[in-house]
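Here's the structure we're looking at; comments come further down.
Keep in mind that the numbers below use all heavy atoms, side chains included, and drop hydrogens, waters and symmetry copies. Counting begins at 1 with the first residue of the sequence.
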Amino acid sequence: MNRESQKSLRRQLIVRMLSMMLPLFMLLWAMAYFSSLYFINAAFDRSLARRAYALAGRVQVLHGRVQVDLPIAARELLAFDQEDLLFHRIIDPQSRVIDGERNMPPLPGKKGIKPGQLVVYDGVKDGDNVRVAAYALSLHGTSTKGVALVQVGETLSRRSALADRATLAIVIPMLLMTLTAAIAIAYGVGRGLEPVGRLRDRLSARKAFDLSPVPLEGTPAELRPFLDEINSLLQRLSESVEAQSRFVADAAHQLRTPIAGIRAQAESALASPRHDDAQHALSRIAQSAQSMGDLVQKLLTLARVDAAENTLRLVRLDGGEVVRAVAREWVPRALSQGVEISFEAQAGDVTVMGDAQLLREMLANLIDNALRYGGTRIALTVGSAKQGVTWSVADNGPGIPEQQRTAVFAPFHRLSGGVDGAGLGLTIVQRIAHLHGAVVSLEAAEGETGLVARVRFPPLVG
């Protein structure tokens, strides 16, 4: 995997923190802009209102007619500005324009305004957005009746420019602060991840076969659960390697014995001048070769069972049919040794989840043990209960002492040196059962002698 396709924790942390800051920065910018615009509008609206009041103060009523006494200098003030277009209009009670522009944005709403009321509103004049202050001047007490409408307006160029300048005055320091914060975040994240780098260096410096726990001193609390799991994995791996080493050593010792016997018998056959002695030695060689072949076969089976842990696929099987088929295969060998094999399937659903080949191997090892160490009868039983399906292999042999029933599952453990065997049968049985979630137990038979080996499968789900 190349470096580009690898996700950097440092980069993710920095990007996530900055991605949280960016919406905040945009929100603050919007708040600064609209807040500035609000206060600037309020200030300019007050200026518009003062101009409207000032213009209303120049309105007079002479002989029943509304007139405006507006000096030339005042008119220039109402019409001239370096940035904005200024305009005004005065309407008498008969809606006649007394002074100013004829085209003005209409008042908001349909009811108009009350005498003495000032309204500031937005409008459009000649395609430009404008702000207008309208004041209803009451003519009560004069020679005419009604109100004169005084309107003063301006475009929004200066307001927008001031809002932009005010926003920049706020945003630029905020932007500098954001960049400073981003640099500080990148530096802080880098310093915060230094323990991860030290842990990486510590792990990379370890030797290939160093399975000792990783020291926890100096590691942050956030890494402790991660390191605890690593140490737990290392411990299990160390135990597995140690057990495998012991198994290989035991296997080498077990193979060394028949090989040494074959060599000794071969030398004896070569050195013996008598034909009968040579035949006897060759017979012993054949027996040793058969024992070694059985041992190698068991070792291969055990290795195949261990490898199946990662590739095992369980399917629904008829437990009764599996046991019946294996029993049928072992009948000829049992009869040749004078042993009777019986099979019984109790009523009920005896379906199990398993691998047919491995389950046949497990049952074959149980029958083989019963033939080697049992008596003259072997009974195979398949039963069903709420706790799951049970397979039983019972014999009427001498049985196994209770205090040794746990030890017999260890590799190369034998109860009697007079019986040929690899000492791996029950080990294979237990490991296959473990792969299927089953439990193997050895119990005393109901009679005075005998042994019952039971395999209890878990109940089916669904």
Side-chain angles (χ1 to χ4, degrees), residues 290 293-294 296-309 311-385 387-397 409 421-422 424-443 445 450-462:
Q290 182 178 358
D294 293 342
V296 171
Q297 182 64 33
K298 295 289 187 182
L299 290 173
L300 293 175
T301 300
L302 189 60
R304 188 174 72 251
V305 171
D306 291 339
E309 185 172 2
T311 59
L312 185 65
R313 296 183 60 183
L314 304 182
V315 297
R316 298 177 72 92
L317 300 171
D318 186 340
E321 289 299 325
V322 174
V323 176
R324 181 183 290 106
V326 175
R328 189 181 298 114
E329 293 174 358
W330 281 82
V331 166
R333 178 177 170 181
L335 293 178
S336 67
Q337 298 181 17
V339 178
E340 175 187 350
I341 292 184
S342 63
F343 168 75
E344 178 184 1
Q346 299 177 357
D349 184 10
V350 292
T351 303
V352 297
M353 295 295 297
D355 180 280
Q357 184 178 1
L358 290 179
L359 291 180
R360 291 167 66 91
E361 184 70 35
M362 179 184 69
L363 191 60
N365 277 276
L366 289 176
I367 297 174
D368 181 62
N369 277 352
L371 285 176
R372 292 177 184 272
Y373 303 98
T376 58
R377 293 192 305 275
I378 298 176
L380 307 181
T381 306
V382 178
S384 176
Q387 294 78 14
V389 176
T390 302
W391 292 1
S392 300
V393 179
D395 63 65
N396 62 343
F409 290 103
L424 293 173
L426 290 178
T427 303
I428 294 173
V429 168
Q430 188 179 53
R431 294 191 183 180
I432 293 177
H434 176 74
L435 289 178
H436 291 77
V439 178
V440 182
S441 62
L442 301 178
E443 306 169 7
L451 181 73
V452 180
R454 286 192 172 90
V455 181
R456 294 179 175 87
F457 292 89
L460 294 179
V461 178

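- The only option from T381, V382, V331 that meets the side chain to side chain contact (heavy atoms under 4.5 Å, CB included) definition with F343 turns out to be V382.
- Partners of R456 according to the side chain to side chain donor-acceptor pair (under 3.5 Å) rule, which considers only residues two or more places apart in sequence or in another chain, are S441, E443.
- For A334, the side chain to side chain contact (heavy atoms under 4.5 Å, CB included) partners are V339, I341, L371, not counting sequence neighbours.
- Atom CG of L380 sits about 9.0 Å away from atom CG of L366, to the nearest 0.5 Å.
- A pairwise comparison of heavy atoms in A433 and V455 identifies CB-CG1, 4.4 Å as the closest pair.
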Verdict with reasoning, H436 to L358, per side-chain contact (heavy atoms from CB on, under 4.5 Å)
CA-CA 10 Å; H436 291 77; L358 290 179; 4.1 Å; yes
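- Applying the side chain to side chain contact (heavy atoms under 4.5 Å, CB included) criterion to S384, with sequence neighbours excluded, gives V350.
- Rounded to the nearest 0.5 Å, atoms OG (S392) and CD (Q346) are 8.0 Å apart.
- To the nearest 0.5 Å, atom CG of residue L426 and atom CE of residue M362 are 11.5 Å apart.
- By the salt bridge (Lys or Arg N to Asp or Glu O under 4.0 Å) test, R328 pairs with no residue at all, sequence neighbours left out.
- Residues that satisfy the salt bridge (Lys or Arg N to Asp or Glu O under 4.0 Å) test with D355, not counting sequence neighbours, are absent from this structure.
- Nearest heavy atoms, A445 versus V452: CA-CG2, 3.9 Å.
- Side-chain contact between V322 and W391: present, with at least one pair of heavy atoms (C-beta onward) separated by less than 4.5 Å.
- Looking at every heavy atom in both residues, G437 comes nearest to P458 through O-CD, 3.3 Å.
- Here S342 pairs with A379 under the side chain to side chain contact (heavy atoms under 4.5 Å, CB included) rule; sequence neighbours left out.
- Counting heavy atoms from C-beta outward, L359 and V352 have side chains that approach closer than 4.5 Å.
- With sequence neighbours left out, R377 forms a salt bridge (Lys or Arg N to Asp or Glu O under 4.0 Å) with no residue at all.
- Contact between I378 and A370 at its shortest, heavy atoms only, is CD1-CB, 3.6 Å.
- Applying the side chain to side chain donor-acceptor pair (under 3.5 Å) test to Q430 and every residue at least two apart in sequence or in another chain returns nothing.
- Every residue two or more places apart in sequence or in another chain was checked for a salt bridge (Lys or Arg N to Asp or Glu O under 4.0 Å) with E340, and none qualifies.
- In this structure the side chain of L442 reaches within 4.5 angstrom of the side chain of F409, judged on heavy atoms.
- In this structure, CZ in R313 is found 10.5 Å from CE in M353, a value given to the nearest 0.5 Å.
- When the side chain to side chain donor-acceptor pair (under 3.5 Å) test is applied to D349, the partners found at least two apart in sequence or on another chain are T351.
- In this view, D368 and K298, W330, R333, R372 satisfy the side chain to side chain contact (heavy atoms under 4.5 Å, CB included) rule, not counting sequence neighbours.
- Listed by chain and residue number, nothing satisfies the side chain to side chain donor-acceptor pair (under 3.5 Å) test with Q357 (two or more places apart in sequence, or in another chain).
- Separating the CZ atom in R360 from the CG atom in L317 is a distance of 10.5 Å, to the nearest 0.5 Å.
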